[in-house]
Amino acid sequence: MTSEVFLQILKKGELQVGEKEREHDISSLRKELATLVAEKCVDPSTQRPYAVGMIDKAMTEAGYSVKTNKTAKSQYVAPPGFVSDSTLILYCRCRSA
């Protein structure tokens, strides 16, 4: 009887995530997405890649929010809207990898 209850909980139950763990997951997903963008974009005046922190700041200024149910790669579109809309980063030229 007890094992049946456990099996039913495992089949139908939902995983509850704490607030700090959720914040950590969102933060790491956001950083991973910013890293993907930083790897592909260069500053046209210096021909150097943008810093991840600069990309993250542009994402914040543009109000971009990551989707926790999707991976960073699936959310990445070159060039992302938050890069072209931001006043911080006016131009993004994608590098050929």
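The chain is numbered in sequence order, starting from 1. Computation of the quantities below employed the complete heavy-atom set of this structure, encompassing side-chain atoms and omitting hydrogens, waters and symmetry-equivalent molecules.
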If two hydrophobic side chains count as joined below 4.5 Å and joins carry through other members, does M59 share a cluster with V52?
no
Between P49 and A38, the two heavy atoms sitting closest are CB-O, 3.9 Å
Quiz: residues 23-33 side-chain donor-acceptor pairs under 3.5 angstrom, not counting sequence neighbours:
from: S28; atom 1: OG; to: H24; atom 2: O; distance (Å): 3.2
from: S28; atom 1: OG; to: D25; atom 2: O; distance (Å): 3.1
from: R30; atom 1: NE; to: D56; atom 2: OD1; distance (Å): 2.9
from: R30; atom 1: NH1; to: Y64; atom 2: O; distance (Å): 3.1
from: R30; atom 1: NH2; to: T60; atom 2: OG1; distance (Å): 3.0

List the residues meeting side-chain hydrogen bond (donor to acceptor under 3.5 Å, both in side chains) with S45, not counting sequence neighbours, and say none if there are none.
D43
Looking only at heavy atoms, what is the nearest atom pair of Q75 and K70, with distance?
NE2-O, 3.1 Å
Do you know the tightest heavy-atom contact between Y50 and V42?
CE1-O, 3.5 Å
Can you name the residues that form a side-chain contact (heavy atoms from CB on, under 4.5 Å) with Q8, not counting sequence neighbours?
K12
Under the side-chain hydrogen bond (donor to acceptor under 3.5 Å, both in side chains) test, which residues partner T35, sequence neighbours left out?
none
